[in-house]
Amino acid sequence: QVQLVESGGGLVQPGGSLRLSCTASGSDVTINVMGWYRQAPGKQRDLVARITSSGSTNYADSVKGRFTISRDNAKNTVYLQMNSLKPEDTAVYYCKAEGGYWAGSTYRPFGSWGQGTQVTVSS
């Protein structure tokens, strides 16, 4: 249905910045929400930020004021600008797209995940 390709992860020093990108590809689908989640070793995958097609956003409390999510609907691409990075931001970051498609007369919702990109914040 939908394939997601992420980029932009890497190693950065504390206080530094990174920008993640995620592009969704697929035919005859409607993508309503795109978001970023992260998973640190031994921990569960948690929401970082999400954005709807109309631009409404939600952020985890731990990243408010430091991370900014944005979206280019024409390109089906979501970005995560991460500033003032901390060691505790170290994790694998996953992109997720939520939406739906028509199978005949039936509307089927979906949620697709990207492969993940490593973000490491360390001196």
Item to check | Main-chain N/O of Gln39 paired with Asp46 side-chain donor or acceptor, under 3.5 Å | outcome: no
Checklist outcome for this item: Smallest heavy-atom separation, Gly100 atom then Phe110 atom, equals N-CE2, 3.2 Å
Next on the checklist: For Ala24 versus Val2, what's the shortest heavy-atom pair and its separation?
Outcome noted: CB-CG1, 3.9 Å
Checklist entry - In terms of ring plane angle, is the pair Trp113 and Tyr94 parallel, tilted or perpendicular, where the classes change at 30° and 60°? => result perpendicular
Checklist outcome for this item: Nearest heavy-atom contact between Pro14 and Ser122 is CD-C, 3.6 Å
Checklist entry - If two hydrophobic side chains count as joined below 4.5 Å and joins carry through other members, does Val12 share a cluster with Leu20? => result yes
Item to check | Sole candidate of Asp89, Val119, Val121 that passes side chain to side chain contact (heavy atoms under 4.5 Å, CB included) when paired with Met82 | outcome: Val119
Checklist entry - Any idea which heavy atoms bring Val48 and Tyr37 closest together, and the distance? => result CG2-C, 3.8 Å
Item to check | Audit row: Gln118, Thr90, side-chain contact (heavy atoms from CB on, under 4.5 Å) steps and yes/no | outcome: CA-CA 8 Å; Gln118 177 70 47; Thr90 296; 4.0 Å; yes
Next on the checklist: If you compare all heavy atoms of Leu4 against all heavy atoms of Ala97, which two are closest, and at what distance to 0.1 Å?
Outcome noted: CD1-N, 3.7 Å
Checklist entry - Hey, mind stepping through Thr68 and Tyr79 against side-chain contact (heavy atoms from CB on, under 4.5 Å) and telling me if it holds? => result CA-CA 8 Å; Thr68 302; Tyr79 306 96; over 6 Å; no
Next on the checklist: If the threshold is 4.0 Å, N to carboxylate O, is there a salt bridge linking Asp61 and Lys64?
Outcome noted: yes
Item to check | Test item: Thr77 side-chain N/O and Lys75 main-chain N/O as donor-acceptor pair under 3.5 Å | outcome: yes
Checklist entry - Thr30 and Tyr101: side-chain contact (heavy atoms from CB on, under 4.5 Å), yes or no, with the steps? => result CA-CA 6 Å; Thr30 299; Tyr101 63 97; over 6 Å; no
Checklist entry - Hey, does Phe67 have a side-chain heavy atom less than 4.5 Å from the side chain of Ser84? => result no
Checklist entry - To the nearest 0.5 Å, how far apart are CD in Gln81 and CZ in Arg66? => result 12.0 Å
Next on the checklist: What verdict does the side-chain contact (heavy atoms from CB on, under 4.5 Å) test give for Ile31 and Asn76, after you've listed the backbone C-alpha separation in whole Å, the side-chain angles of each residue and the deciding distance to 0.1 Å?
Outcome noted: CA-CA 8 Å; Ile31 299 175; Asn76 278 338; 4.1 Å; yes
Item to check | Main-chain N/O of Ile51 paired with Arg71 side-chain donor or acceptor, under 3.5 Å | outcome: yes
Checklist entry - Distance only, no hydrogens: is a donor on one side chain within 3.5 Å (strictly under) of an acceptor on the other, for Asn83 and Ser17? => result yes
Item to check | Check: Tyr107 ring centre within less than 6.0 Å of Trp102 ring centre | outcome: yes
Checklist entry - Going by distance alone, is a donor N or O of one side chain under 3.5 Å from an acceptor N or O of the other, for Tyr93 and Arg38? => result yes
Next on the checklist: Quick check on the hydrophobic clustering: are Leu85 and Tyr59 connected, directly or via other members, by side-chain heavy-atom contacts under 4.5 Å?
Outcome noted: yes
Next on the checklist: Has Arg50 got a side-chain atom pairing as donor or acceptor with Met34's backbone, closer than 3.5 angstrom?
Outcome noted: no
Checklist entry - Which heavy-atom pair separates Leu80 from Ala49 by the least distance, and what is that distance? => result CD1-CB, 4.3 Å
Checklist entry - Do the side chain of Glu6 and the main chain of Gly116 share a donor and acceptor less than 3.5 angstrom apart? => result yes
Item to check | Flag side-chain contact, heavy atom, 4.5 Å: Cys95 against Val78 | outcome: yes
Checklist entry - If you measure only the distance, is there a donor-acceptor pair under 3.5 Å linking the side chains of Thr52 and Ser54? => result yes
